[in-house]
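See below for the structure under consideration.
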There are 2 protein chains.
Amino acid sequence: MLACVRATGLKLTPQRMAIVRELAADPTHPTAQELFERLRPALPTMSFATVYNTLDALASAGLCAALSLAPGPSRFDPNMKPHHHAVCDRCGEVRDIPSDAHRAAAVARALPAAPGFEVRSVEQIYRGVCAACAAAGAQERRPGRASARARTS
Amino acid sequence: MLACVRATGLKLTPQRMAIVRELAADPTHPTAQELFERLRPALPTMSFATVYNTLDALASAGLCAALSLAPGPSRFDPNMKPHHHAVCDRCGEVRDIPSDAHRAAAVARALPAAPGFEVRSVEQIYRGVCAACAAAGAQERRPGRASARARTS
DNA sequence: AGCTTTAATTAGAAAGTTTCTCAGTTGCAA
DNA sequence: TTGCAACTGAGAAACTTTCTAATTAAAGCT
């Protein structure tokens with residue numbers, strides 16, 4: 001993945017290398033804040049804005065994806081192969097779900113309900129409760145910004 | 001819908017009636033800010049927090065859905081029937097897409113890739129460019145928080 | 001290696017979004 | 001009608017993201 005960064009014209013700085021390495025190794029879709037805190041010991045002078053800038057640059061270059069699937073901060077996904085996501089309404093955890101290859105072929109088909117809308121990708125969102133939250137019981141809620149309203153559609 | 005508000009134990013205040021009426025009549029998935037500004041002429045003393053509180057209460061009661069499908073503020077959806085969404089990567093517009101009834105039956109099926117995850121709903125997200133943005137040309141971007149990184153997966 | 005160009009980094013401020021506090025008000029069940 | 005619990009309004013606070021300006025550093029070329 002590091003080689004890809006160069007290939008897109010982005011400069012290979014130590015901060016970027018660290019961010020890319022950390023993100024590529026992490027399947028849990030970390031937030032910018034989480035990455036920042038994990039990297040702070042190694043790069044104590046790195047600015048928080050650099051994490052945002054870098055993730056934004058990576059996403060713009062098509063090297064990672066920014067996910068906004070639930071309230072709260074964006075999460076970043078190093079997996080650029082087509083796939084779906086399972087989102088926990090309690091803790092906000094996002095998990096990859098491999099997509100059936102045959103269904104991915106439906107991408108770019110016109111939407112009868114939205115004439116003129118040019119579809120570039122289709123993803124499926126499975127909303128529910130992850131195993132950990134289910135085990136923790138019904139009274140638990142994730143700290144901070146999540147609440148019952150995290151449920152959508 | 002107003003009757004439903006009472007039915008869930010929520011009190012029927014003038015503010016709530018106005019918010020519910022405005023939201024129910026609007027298929028464009030308005031943000032809290034948009035609703036607040038539209039209602040301000042009629043309810044000039046209403047607080048912005050009241051709009052958030054009310055929408056949160058409605059969503060918790062299952063009378064509307066809070067959508068977080070793209071960067072930027074949450075959008076609210078009065079349509080509680082199962083359906084999908086088309087999201088414009090440029091302007092952030094969200095449009096309803098009716099769901100095939102037979103596919104909705106797949107809800108609650110276990111996910112082999114995420115054992116223990118209890119699926120409560122499945123929705124499909126079509127990402128792309130809406131007709132208006134496509135007509136406006138490739139150089140246009142939506143104001144504020146959107147950018148190329150709005151693309152996900 | 002040194003120079004140049006250009007992009008990236010830092011730190012902090014600012015903007016935007018959402019939640020919280022608390023005093024005062026009001027819907028509504030009894 | 002009365003009392004209680006829930007709601008509202010106003011502002012502050014917390015959180016997320018973007019921006020600014022000055023400095024620093026990477027990449028390509030000699």
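Within every chain, numbering begins at 1; the chains are lettered A, B, ... in the order of the sequence lines, protein sequences first and strands thereafter. Please read these numbers as outputs of a predicted model, since none were measured by experiment.
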For residues 3-15 of chain B, dump all side-chain donor-acceptor pairs below 3.5 Å to protein atoms at least two apart in sequence or in another chain.
unit_1	atom_1	unit_2	atom_2	d
B/Thr8	OG1	B/Val5	O	2.8
B/Thr13	OG1	B/Gln15	OE1	3.4
B/Thr13	OG1	B/Arg16	N	3.2

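The separation between A/Asp56 atom CG and D/dT16 atom P is 17 Å, rounded to whole Å. Atom CE of B/Met17 and atom P of C/dT26 are 13 Å apart (whole Å). With rounding to whole Å, B/Leu2 atom CG is found 15 Å from C/dG27 atom P. Rounded to whole Å, atom C1' of D/dT24 lies 14 Å from atom CZ of A/Arg16. For the pair A/Tyr52 OH and D/dC15 P, the computed distance is 13 Å after rounding to whole Å. Between A/Leu35 atom CG and D/dT17 atom C1' the separation is 15 Å, expressed in whole Å. Distance CZ (A/Arg75) to P (D/dT17): 11 Å, rounded to an integer number of Å. Protein atom CG of B/Leu55 is 11 Å distant from nucleotide atom P of C/dT19, rounded to whole Å.
The residue A/Thr50 sits close to a base: some heavy atom pair falls under 4.0 Å. B/Ala32 comes within contact range of no nucleotide atom at all, as no heavy-atom separation falls under 4.0 Å. A/Thr31 comes within 4.0 angstrom of nothing in the nucleic acid, heavy atoms only. Residue-level contact check: A/Ala57 touches neither bases nor backbone, having no heavy atom under 4.0 Å from any strand.
In this structure, B/Val87 and B/Ala70 approach most closely via the heavy-atom pair CG1-CB, 4.1 Å. Residues B/Pro115 and A/Ala131 approach most closely at O-CB, 4.2 Å, considering heavy atoms. Shown here for A/Gly92 and A/Arg75, the closest heavy-atom pair between the two residues is O-NE, 3.5 Å. Of all non-hydrogen atoms in B/Ala18 and B/Leu39, the two that sit nearest each other are O-CD2, 3.9 Å. Between B/Ala66 and B/Phe76, the shortest heavy-atom contact is CB-CE2, 3.7 Å.
With hydrogens and angles disregarded, a donor-acceptor distance shorter than 3.5 Å links the side chain of A/Ser99 to the backbone of A/Pro82.
Within the helix from C/dA1-D/dT30 to C/dA30-D/dT1, the inter-axis angle between the opening and closing five-pair segments is 40°, rounded to 10°.
The listed nucleotides are D/dT17, C/dT9, D/dG9; the one nearest the side chain of B/Met46 is D/dG9. Closest to the side chain of A/Gln15, out of C/dT9, D/dT18, C/dA11, is C/dT9. Side chain of B/Ser74, nearest nucleotide from D/dT17, C/dT18, D/dT8: C/dT18. Closest to the side chain of A/Thr54, from the set D/dT8, C/dT9, C/dT18, is C/dT9. Of the candidate nucleotides C/dT9, D/dA10, D/dT16, D/dA10 has the atom nearest to the side chain of B/Ser47.
Positionally, the nearest nucleotide of DNA chain C for A/Gly9 lies more toward the 5' end than for the other of B/Phe48 and A/Gly9.
Tracing side-chain contacts under 4.5 Å through hydrophobic residues (I, L, V, M, F, W, Y), one reaches B/Ile19 starting from B/Phe36; they form part of the same cluster.
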Under 4.0 Å protein heavy-atom contact, by nucleotide of nucleotides 25-30 of chain D - B base, S sugar-phosphate only: -BSS--
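Contact annotation: the side chain of A/Glu34 never approaches that of A/Asp26 to less than 4.5 Å [non-hydrogen atoms, C-beta and beyond].
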Please determine whether side-chain hydrogen bond (donor to acceptor under 3.5 Å, both in side chains) holds for the pair B/His29 and B/Asp96, giving the CA-CA distance in whole Å, both sets of side-chain angles, and the decisive distance to 0.1 Å. CA-CA 9 Å; B/His29 312 87; B/Asp96 282 355; 2.7 Å; yes
